[in-house]
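First up is the structure itself, then whatever we jot down about it.
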Amino acid sequence: MDKLVIEGGVRLKGEVTVSGAKNAVLPILAATLLTDEPCLIKGVPNLRDTNSMLKILRSLGKIADFDKGKVNVVAGKSSSYVAEYKLVSTMRASFCVLGPLLGRFKKAKVSLPGGCVIGARPVDLHLKGMRALGATIVIDSGYVIARTNKLRGAYIYLGGVYGSSVLATDNVMMAAVLASGKTIIESAACEPEVVDLADFLIKMGAKIKGHGTPVIEIEGVKHLHGAVHSIIPDRIEAGTLILASLITGGDVLVKNVQYQHLGALIDKLSEAGAHLEHHDGTLRVKAGRRLKPVNITTLPYPGFPTDMQAQMMSLMSVTGGISVITEKIYPDRFMHVSELNRMGAHIQREGPYAIVEGVKILSGAPVMASDLRASAGLVLAGLAAQGKTSISRIYHLERGYEFIEEKLINLGAKVWREKE
Ligand code: EPU
């Protein structure tokens with residue numbers, strides 16, 4: 001296993017381009033199961049998670065080639081409706097093959113993904129949606145076995161205790177596009193990644209309205225065809241790079257940014273006093289003024305993204321004053337707190353709250369990454385810290401940040417890999 005070593009204290013400077021969105025490409029690749037015709041997906045980031053999804057598609061009978069940001073998916077000689085535990089357990093997003101398999105083959109056997117370090121992460125809403133569309137579902141030996149004679153459109157309220165669910169909305173939408181009649185998903189997730197999936201499905205011939213709002217309307221069609229699609233830029237990678245510039249006192253031009261996807265983050269950064277210039281798909285982040293602490297509450301889109309919580313906590317750790325961070329999506333997503341405290345941060349966790357008292361400087365230390373976004377938070381802290389930070393279990397970072405070392409090195413950061 002590799003660890004990432006960072007010699008902190010360098011102001012980042014230069015230009016960096018954001019890659020395609022991980023959380024858009026994963027369900028979009030799953031959606032290619034809805035047709036036998038070829039699909040071409042462009043702007044695909046080269047990530048551990050993308051490769052995991054390609055392995056699942058291959059295990060389900062697709063031929064899927066990945067070359068220089070493009071994925072071609074075509075039908076193989078035979079197909080399967082079983083997604084195995086060893087593949088699904090590597091990544092929760094694999095569970096969203098359930099909807100397309102059920103829509104297409106009327107049966108699916110998909111391993112339950114289980115929990116993960118950021119929380120319990122149940123799939124009850126996914127199953128509720130499939131049942132409402134007319135599937136019978138049995139849980140057997142860790143697998144969801146779903147069957148139907150015919151999926152029928154239905155009214156489905158998909159809100160859960162923590163609000164809407166991104167992958168449940170994706171999964172149900174993908175099952176409903178081939179159901180007969182009209183489906184209404186109420187309390188649907190509004191994330192840009194859900195919209196990107198809907199746009200791809202529409203290119204395949206699906207009839208969908210209202211995506212991007214809490215009420216999605218789907219008129220089932222008999223058949224979907226192949227399509228060509230380009231993935232939207234990754235708003236979480238963009239946000240992480242913006243914070244990398246701010247936390248190092250840098251001057252970075254972030255390219256391939258969809259400004260309107262970053263509303264909550266930009267609003268908070270403006271409140272903190274950051275200077276951001278937006279122009280034609282680029283965002284220049286020039287640190288200058290001292291930042292003020294801001295309070296953050298994570299919420300479903302368009303609220304502040306939980307996937308930016310750890311990174312924002314790192315920034316607040318070195319911002320004078322007190323900020324309160326409230327996690328409303330995954331109340332246990334705080335594994336990074338103790339690691340940041342090892343670097344000299346003053347953070348106290350109280351249930352779903354973290355109270356951050358900004359310090360002047362962090363000091364480099366050996367720390368451990370627990371999940372993807374916690375790793376990103378630790379990378380930011382390491383970039384700002386005095387001295388050397390080594391982050392072990394860095395494979396988490398490879399799940400969601402394409403070429404991150406190269407990108408940071410190009411901005412002047414002193415970052416390298418070492419064997420653990
Ligand atoms: N939830 C339920 N029941 C369900 C599904 C979800 O109670 O059946 C709860 C979850 O436990 C959580 C909340 O609903 O409290 C929201 O979870 P959601 O289902 O939206 O999460 P997800 O779809 O599994 C996606 C992203 C996550 C991101 C969340 C929230 C993908 C592949 N993953 O997960 O991304 O944190 O939405 O925005 O799209 C990441 O990229 O690091 C990551 C974890």
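Position 1 is the first residue of the sequence, and the numbers go up from there. Whatever order the structure lists ligands and atoms in, that order sets their numbers, starting from 1. Heavy atoms only: backbone and side chains are in, while hydrogens, waters and symmetry mates are out. This is a predicted model, so every value here is computed, not measured.
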Atoms of ligand 1 close to [X] [distance to a heavy atom under 4.0 angstrom, numbered from 1]:
X: Ala93; result: 32 (C)
X: Tyr162; result: 13 (C), 15 (O)
X: Lys22; result: 40 (C), 41 (O)
X: Leu372; result: 42 (O)
X: Thr306; result: 30 (C), 36 (O), 38 (O)

Item to check | Polar side-chain atom of Glu402 near backbone of Asn46 as donor-acceptor pair, under 3.5 Å | outcome: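 Yes, Glu402 side chain to Asn46 backbone: donor-acceptor pair under 3.5 Å.
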For [atom], which protein heavy atom lies nearest, and how many Å away is it?
atom: atom 10 (C) of ligand 1; result: Tyr330 CE2, 4.1 Å
atom: atom 36 (O) of ligand 1; result: Asp307 OD1, 2.7 Å
atom: atom 42 (O) of ligand 1; result: Arg373 NE, 3.0 Å
atom: atom 26 (C) of ligand 1; result: Asn23 ND2, 3.6 Å

Item to check | Close side-chain approach of Arg92 and Val123, heavy atoms under 4.5 Å | outcome: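 With C-beta onward as the side chain, the pair touches.
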Checklist entry - For Tyr259, which residues count as a ring-ring contact (aromatic ring centres under 6.0 Å, His included) partner, sequence neighbours excluded? => result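 Listed in chain order: His278.
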Next on the checklist: Filter on ring pair (Phe, Tyr, Trp, His ring centres under 6.0 Å), then keep only pairs touching residues 178-220, sequence neighbours left out; what's left?
Outcome noted: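 Sorted pair list: Phe200-His229.
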Checklist entry - Hey, what do you get for CG (Leu47) to CZ (Phe403), rounding to the nearest 0.5 Å? => result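 Going from CG on Leu47 over to CZ on Phe403, the span is 8.5 Å.
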The one among [options] that brings a heavy atom closest to [atom]:
atom: atom 5 (C) of ligand 1; options: Pro122, Ala24, Ala168; value: Pro122
atom: atom 12 (C) of ligand 1; options: Val166, Leu167, Ile329; value: Ile329
atom: atom 44 (C) of ligand 1; options: Glu237, Arg333, Arg92, His396; value: Arg333

Next on the checklist: Taking NZ in Lys106 as the centre, count heavy atoms belonging to other residues, nucleotides or ligands within less than 6.0 Å. Is the count above 12?
Outcome noted: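 Counting other residues, nucleotides and ligands, NZ of Lys106 exceeds 12 neighbours.
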Checklist entry - Is the count of non-hydrogen atoms from other residues, nucleotides or ligands lying under 6.0 Å from Phe66 atom CZ greater than 12? => result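 Result for CZ/Phe66: enclosed.
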Next on the checklist: Measuring from non-hydrogen atoms of His126 to any atom of ligand 1, is the shortest distance under 4.0 Å?
Outcome noted: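 Per 4.0 Å heavy-atom rule, His126 contacts ligand 1.
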Next on the checklist: To check you understand the geometry: which heavy-atom pair defines the closest contact between Gly14 and Leu411, and what is its length?
Outcome noted: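 Taking every non-hydrogen atom into account, C-CD2, 3.6 Å.
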